[in-house]
Amino acid sequence: MRDHLAIERTKLANERTLLTYIRTSIYLVLGGMAFLGMQDFEEIRYMGHLSLSLSFILLVIGIVRFIQLKRHIKAMYEPILAKEIKEATENK
């Protein structure tokens, strides 16, 4: 039972991290749009383009890391869960 709860906490932490990447990416999009929307500050338009580019890169990194960690968690803990299920059915 303890292993099962640890696995669930790890999965939830992985999802929380993905949501953090998404939130940061959205903030960068909003900041980039604000920089690009400034009419009086044409010399800092590059900051808007940089922010939008970083937003896309950060979103891709977050999704890739989420998928990698999800696969790693499944590979590490699936044998443990199978063992727990087997023991539970044998004890009945």
Enumerate, atom names and distances included, each donor-acceptor pair closer than 3.5 Å involving a side-chain atom of residues 46-70, sequence neighbours excluded.
residue: Ser51; atom: OG; partner: Leu28; partner atom: O; Å: 2.5
residue: Ser51; atom: OG; partner: Gly32; partner atom: N; Å: 3.4
residue: Ser53; atom: OG; partner: His49; partner atom: O; Å: 2.9
residue: Ser55; atom: OG; partner: Ser25; partner atom: O; Å: 2.8
residue: Ser55; atom: OG; partner: Ser25; partner atom: OG; Å: 2.8

Under the side chain to side chain contact (heavy atoms under 4.5 Å, CB included) test, residues paired with Glu42 that sit two or more places apart
Gln39, Arg45
For residues 21-41, pull every pair meeting salt bridge (charged side-chain N to carboxylate O under 4.0 Å, His left out), keeping only residues two or more places apart or in separate chains.
none
Are Met76 and Ile7 joined in one hydrophobic group, where the rule is that I, L, V, M, F, W and Y side chains link up if heavy atoms are under 4.5 Å apart?
yes
Partners passing salt bridge (charged side-chain N to carboxylate O under 4.0 Å, His left out) against Glu15 (at least two apart in sequence or in another chain)
none
Which Ile, Leu, Val, Met, Phe, Trp or Tyr residues join Leu12 in one cluster when any pair of side-chain heavy atoms under 4.5 Å counts as a link?
none
